Protein chains: 2
Amino acid sequence: MTSEHTDAHAPTLEAVAALAGVSRATVSRVVNGSPKVTAEVTETVNKAIADLNYVPNRAARSLASRKTQVVALVVPESTAKVFADPFFASIVQGVALHLADTEYTLNMVISSELNPDKTRRYLMGGNVDGALVVSHHSGDHSYAQLGSSLPIVFGGRPLSDAEHNSFFVDVDNVSGSRGATEHLIARGRRNIALITGPQDMPAGVDRLVGWRQALEAHGLDTSLIEYGDFSPLSGMKAMRRLLERGVPIDGLFATNDQMAAGAYSAILESGRSIPGDIAVVGYDDDYFGLTATPPLTTVHQPSVGLGETMAQVLVKRIAGEPVERVTLLPTELVVRQST
Amino acid sequence: MTSEHTDAHAPTLEAVAALAGVSRATVSRVVNGSPKVTAEVTETVNKAIADLNYVPNRAARSLASRKTQVVALVVPESTAKVFADPFFASIVQGVALHLADTEYTLNMVISSELNPDKTRRYLMGGNVDGALVVSHHSGDHSYAQLGSSLPIVFGGRPLSDAEHNSFFVDVDNVSGSRGATEHLIARGRRNIALITGPQDMPAGVDRLVGWRQALEAHGLDTSLIEYGDFSPLSGMKAMRRLLERGVPIDGLFATNDQMAAGAYSAILESGRSIPGDIAVVGYDDDYFGLTATPPLTTVHQPSVGLGETMAQVLVKRIAGEPVERVTLLPTELVVRQST
DNA sequence: CTGAAAGCGCTAACAG
DNA sequence: CTGTTAGCGCTTTCAG
């Protein structure tokens, strides 16, 4: 069942040079857009290129120029397993879309946790000009060390600020959460609870900070906190604990929609109404928000934009252009019927 | 804000040869696992490689061997826009996972519909050893022509069987649908309606065929058909039309979960119950199935497996090994409370 | 502004 | 089994 592949020798730079009646060096200059070539000659060469349907050979080009024109997108295997996470998928999409407009090619590599050296070697083996590292919401900068020998841009801020040297772009979790909470306040709520995620994840920490900032700015109580693990079940349990405290609660900010989903159940089973008794805001704007009853007010993150920005920052770094070490993208509050 | 990158000349094959006291050719042989090298020499060389932390340069290797060790994953831009589609995301995941175990590297390219030639040129420019083409459930084989000069494997069967030469792997829609319908029959249903998708999409056609096969095998009526466009709204409308026919209906097979969702509404609004009056089965096993009331019985597709298989088939083709031109993956019926 | 010459790092016959 | 010898196709000084 194997098929033949006509190995019709692709035209080389040399062939173009011959047809155009110039030297290979000149063709190379034209191909690379060198400014010092007569318009006339440039035209002749371009015509020859078109006629021959010439496409430069990347390998040869890289070898000679010592540049690969490739950037890697590193995805830890654990993240890949949950690849269907729309947030992550959108990041990849953004990266790919931005890169499509550049000279760079996207190399997706799944780094196995079992054999992280394989990836390290690949990255350091001169196979790529730079790398993008995304790790499922978690800010894992374990590749940060490579940052000193290869331009790397991370998706998500590092957990510790000690990483005072890695470049990253992240969603502005603090401001997004502050906005969500302020929305609750604007709706007249005064006893606003928080169900947040693990404090060993940047998203968990930052979203708590935003909530607290908003509350403090209005002189409101910040003691209504419970922790979950971003799963629906944990959200339900956290909400129950909150309700059991027996203190008044008229607003809830759950730091992701999944936990908000769980909280919905707990609120409803306690006989309370949404948003009548308790107004709730989520975070992530995933599918749950739309299908929930009532539809959930939530914080939308610019996931595609995150990917695009990462790619953009990396390309600039590779080009040696100055770029901010940290880029924070704004979120958008999507107001629906739960508030 | 730019940072320095120590351009510590990566060790070359030559350096390894020197350290090991052999020729470059021998080192090359060891690196490429040639069988004709003394165990002793192999060891010495490997030690030198380890000591120097040598990593072969891909560009040089490709240039000399005329192989790129790269396979492209082509994603039409329209598909990329809906990248968050979990089915598609899983395919990418599968591809990446399988490739991670091979010598191949994954190049993701988004092909713009506006400029399809850019992609064609890239593929034909000797930049990749093979390509994987996925187009959102649609069986678009517009790159089929390239198949004669580059190994290509498609995800999803082509719409027309005229494409009697392209290699593809697909989910076995016919058998999946037949199974879904037989399940309804086994549950004692005899008046089984169908809401299917556009007949210009392989999935739309094949799922109808499976339903019909099951019904005919049991001598049941196959006239209860209505068409939708895979959207929830179209499913709702189709169901209403079905109900308006005024004939008995005790089972429904909707060819995707989204349309099943719409059908749910129509059934419920008509005062009927699920599965009491009408048992329903969907297809896709997307998130709707789980959150629906009652949870939806549906057909699960091996999306990750699809990606893995595509990669596997492509790698074999590149290696010149014989492979089936078409590979159909089995589906699995997930039985929940709607039947 | 353009050509000539010298490799980039590695593989691949071909000898030995 | 191992070394020698040529390049793979392109970029890049360095002259002219």
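Chain letters run A, B, ... following the sequence lines, proteins first, then strands; residues in each count from 1. Not measured: the values here are computed from a predicted model.
In this structure, B/Glu14 atom CD and C/dT11 atom C1' are separated by 14 Å, rounded to whole Å. Between the C1' atom of D/dG16 and the NZ atom of A/Lys36 lies a distance of 14 Å, rounded to the nearest Å. Distance, A/Asn57 CG to D/dG7 P: 18 Å, rounded to whole Å.
Side-chain contact check for A/Val92 versus A/Leu73: some heavy-atom pair is nearer than 4.5 Å. For the pair B/Thr105/B/Gln69, no side-chain contact is recorded, criterion being any heavy-atom separation below 4.5 Å from C-beta on. Annotation: side chain of A/Phe88 is in contact with side chain of A/Val134 (closest heavy-atom distance under 4.5 Å). Taking the side chain as every heavy atom from C-beta outward, A/Thr68 and A/Asn127 never approach each other to under 4.5 Å.
For the residue pair B/Met310 and B/Val133, the shortest heavy atom distance occurs at CE-O, 4.0 Å. Of all the heavy atoms in A/Val41 and A/Val22, the pair that sits closest is CG1-CG1, 4.1 Å.
Figure legend: cation-pi geometry between B/Arg317 and B/Phe167, with NZ or CZ positioned under 6.0 Å from the six-membered ring centre and within 45° of its axis.
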Please write out each protein N/O paired with an N/O of nucleotides 11-13 of chain D under 3.5 Å, distance rounded to 0.1 Å.
from   : atom 1 : to      : atom 2 : distance (Å)
D/dT11 : OP1    : A/Asn32 : OD1    : 3.4
D/dT11 : OP1    : A/Asn32 : ND2    : 3.1
D/dT11 : OP1    : A/Arg61 : NH1    : 3.3
D/dT11 : OP2    : A/Ser28 : OG     : 2.6

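Residue whose closest nucleotide on DNA chain D sits further toward the 5' end, between B/Val22 and A/Ala59: B/Val22. Comparing A/Leu63 and B/Pro35 against DNA chain D, the residue whose closest nucleotide sits nearer the 5' end is B/Pro35.
The stretch residues 45-53 of chain A does not touch DNA chain D, since none of its heavy atoms comes less than 4.0 Å from the strand.
Close to D/dT2, at under 4.0 Å from its OP1 or OP2, lies no side-chain N or O of B/Ser23. For the OP1/OP2 pair of C/dT2 and a distance below 4.0 Å, the side-chain nitrogens and oxygens of A/Thr38 include at least one atom meeting the criterion. Between B/Arg58 and C/dC10 there is no side-chain N or O to OP1 or OP2 distance below 4.0 Å.
Remark: A/Arg66 CZ to B/Asn57 CG distance equals 8.5 Å, nearest 0.5 Å.
Counted by atom type alone, B/Asn32 and B/Arg61 present one or more donor-acceptor pairs between their side chains at under 3.5 Å.
Proximity note for A/Thr26 (side chain, C-beta onward) versus C/dT2, D/dG9, D/dT2: the nearest is C/dT2.
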